[in-house]
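All remarks here apply to the structure that follows.
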Amino acid sequence: MGKSALAVELAEVLNGEIVGADAFQIYSGLEILTAQPDATLRQRVVHHLIGSVPCQEVFNAGRYLPLAEAAISDIRARGKVPIVVGGTGLYIKALTHGISETPQVDVEIREKLEAFSLEELLNQLKGLDPDSVETIDTKNRRRVQRALEICLQTGEAASKLREEWKRPSRPCRGIVLTREREELTERIHVNILQMLERGVMEEIRSLKSIGATAQEAIGYRDAVLHLNGSLTREQWVEQTHRASCQYAKRQLTWFKNQTKFPLLKLSAFSNLRDSLTASLDSLTAPLE
RNA sequence: GGCUGGAUAGCUCAGUCGGUAGAGCAGAGGACUGAAAAUCCUCGUGUCGGGGGUUCGAUUCCCUCUCCAGCCA
């Protein structure tokens, strides 16, 4: 989409610093694959939380929130403007609305639950927390399992701990960047080819290990298959491109329907300057 | 040239003992409270390769043609 470059322009105008809100750019070791802002951009403006967690570690929204809040306070304390940039809707919503007070994920419990079928998980959950069964998507294993994890860890019903998104919106302004679908598709293609030129495959080959969450990055598993020889370079490009386009669509759906931020279609502008001006206009919208 | 398989949704393929057909993937839309670049939900009319025959009725049986594989010459 072109978030990183635009964010740096904005930060320079607003005397700001950037706080990453991207579940995968957070990892170090996957700089190329996750398209982290390059050295030039990072020299111009201070970036927080990007490439800051070893990709061997398990990371999630629960870990993200306090880190991001700390970064934001720190920026404010120095009289600067925090600019949160990223494509992970859940992380941004956690920041603006907070999330329920539930304990950190217990890896052992999670692993134990992996062994059960969805039906078995549902039955357990029905016994412990019938209300949850009413509210969550019971066809979605992740949701059912998470609710059960909370019940088992806390000894309480997950539905009790789950509060409405509280802190109905901490004051902030925001914009959602979009582009024409075709243009976006083309840009994604170019970006993927650039990853190869920059050495994604070498980056991935040199990893000694990778954590359970980081390995979900688009293109990672297929890259491993390519390095094994079971997938051609072209196939890697094709699959990664497809997955990225699908992801971009899901992001749009999320931001359109889960936030009140105005949409800004970048396709209308031919250069960064104009995009910046338009962004600044949009950002004068009332505080959310 | 002969034989044997194929030819069905954008792609890979099921299927119809003859009553005009369905999965996965792709595509479109949507959901989303600690795995979120994840996970999940909804949406399937297509000359069933062309032509002819049998039949009340053929994508399904028969003949023929075309194309693609493989085998034999």
Side-chain angles (χ1 to χ4, degrees), chain A residues 1 3 20-27 30 32-36 50 53 55 57-69 86-107 109-111 113-114 118 121-122 132 135-154 158-169 181-182 185 188 191-192 195 200 210-223 235 238-259:
Chain A
M1 193 61 71
K3 293 186 290 291
D22 188 298
F24 287 81
Q25 289 187 353
I26 196 97
Y27 296 113
L30 294 173
I32 301 171
L33 185 71
T34 62
Q36 295 179 21
I50 290 174
V53 176
C55 67
E57 287 185 25
V58 167
F59 197 81
N60 55 41
R63 283 193 63 189
Y64 175 76
L65 188 54
L67 292 177
E69 285 179 329
T88 303
L90 180 62
Y91 286 14
I92 290 177
K93 192 150 188 180
L95 257 182
T96 56
H97 297 251
I99 52 175
S100 303
E101 299 289 326
T102 55
Q104 192 58 251
V105 172
D106 183 321
V107 184
I109 289 181
R110 177 161 288 182
E111 276 176 11
L113 293 182
E114 296 297 349
L118 174 59
L121 293 177
L122 249 182
S132 267
T135 47
I136 62 174
D137 176 1
T138 52
K139 287 181 180 168
N140 191 334
R141 177 178 233 278
R142 293 263 165 109
R143 300 275 142 71
V144 175
Q145 189 171 324
R146 168 99 266 256
L148 195 53
E149 282 172 12
I150 294 171
C151 294
L152 294 174
Q153 278 184 67
T154 62
S159 53
K160 265 191 186 165
L161 297 169
R162 180 196 174 104
E163 302 158 56
E164 288 309 303
W165 285 109
K166 43 178 191 183
R167 265 191 271 170
S169 194
R181 186 78 68 104
E182 276 180 28
T185 297
I188 290 171
N191 286 346
I192 288 171
M195 280 182 193
V200 234
I210 189 165
T213 48
Q215 71 182 180
E216 303 284 356
I218 289 174
Y220 176 77
R221 288 176 201 282
D222 284 338
Q235 286 172 321
E238 196 189 322
Q239 307 266 60
T240 303
H241 179 257
R242 184 177 301 141
S244 300
C245 291
Q246 294 171 334
Y247 166 54
K249 166 57 186 159
R250 262 178 280 130
Q251 281 180 306
L252 219 215
T253 301
W254 171 284
F255 284 105
K256 243 175 24 188
N257 302 328
Q258 298 279 328
T259 73

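Every chain is numbered from 1, with letters handed out A, B, ... down the list of sequences.
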So, OP1 or OP2 of [N]: does either fall under 4.0 Å of a side-chain N or O from [X]?
X	N	answer
A:Lys93	B:rU33	no
A:Arg63	B:rG34	no
A:Thr88	B:rA36	no
A:Arg143	B:rU39	no

Touch class at under 4.0 angstrom, heavy-atom based, for A:Gln25 against every strand present: base

Sugar-phosphate, base or nothing in reach of A:Glu114, heavy atoms under 4.0 Å: base

Write down the partner of [N] under the Watson-Crick or G-U wobble criteria, each distance required to be under 3.5 Å.
N	result
B:rC40	B:rG30
B:rG1	B:rC72
B:rA7	B:rU66
B:rU54	none
B:rG22	B:rC13

Taking only the side-chain heavy atoms of [X] (C-beta and beyond), determine which of [options] contains the nearest atom.
X	options	result
A:Ser100	B:rU33, B:rG30, B:rA35	B:rU33
A:Arg181	B:rA36, B:rG29, B:rC40	B:rG29
A:Lys139	B:rG34, B:rC41, B:rA37	B:rC41
A:Thr213	B:rA36, B:rC40, B:rG34	B:rA36
A:Gln246	B:rA26, B:rA31, B:rA28	B:rA26
A:Ile99	B:rA35, B:rU33, B:rA37	B:rU33

C1'-based separation of B:rA9 from B:rA23 [nearest Å]: 11 Å

Base B:rG34 to side chain A:Thr102, donor-acceptor N/O within 3.5 Å cut-off: yes

Crowding at CD, A:Glu114 (>12 non-hydrogen neighbours, <6.0 Å): yes

Which residue lies more 5' along RNA chain B, comparing A:Arg242 with A:Asn140 via nearest heavy atoms: A:Arg242

Which residue lies more 5' along RNA chain B, comparing A:Tyr247 with A:Gly62 via nearest heavy atoms: A:Gly62

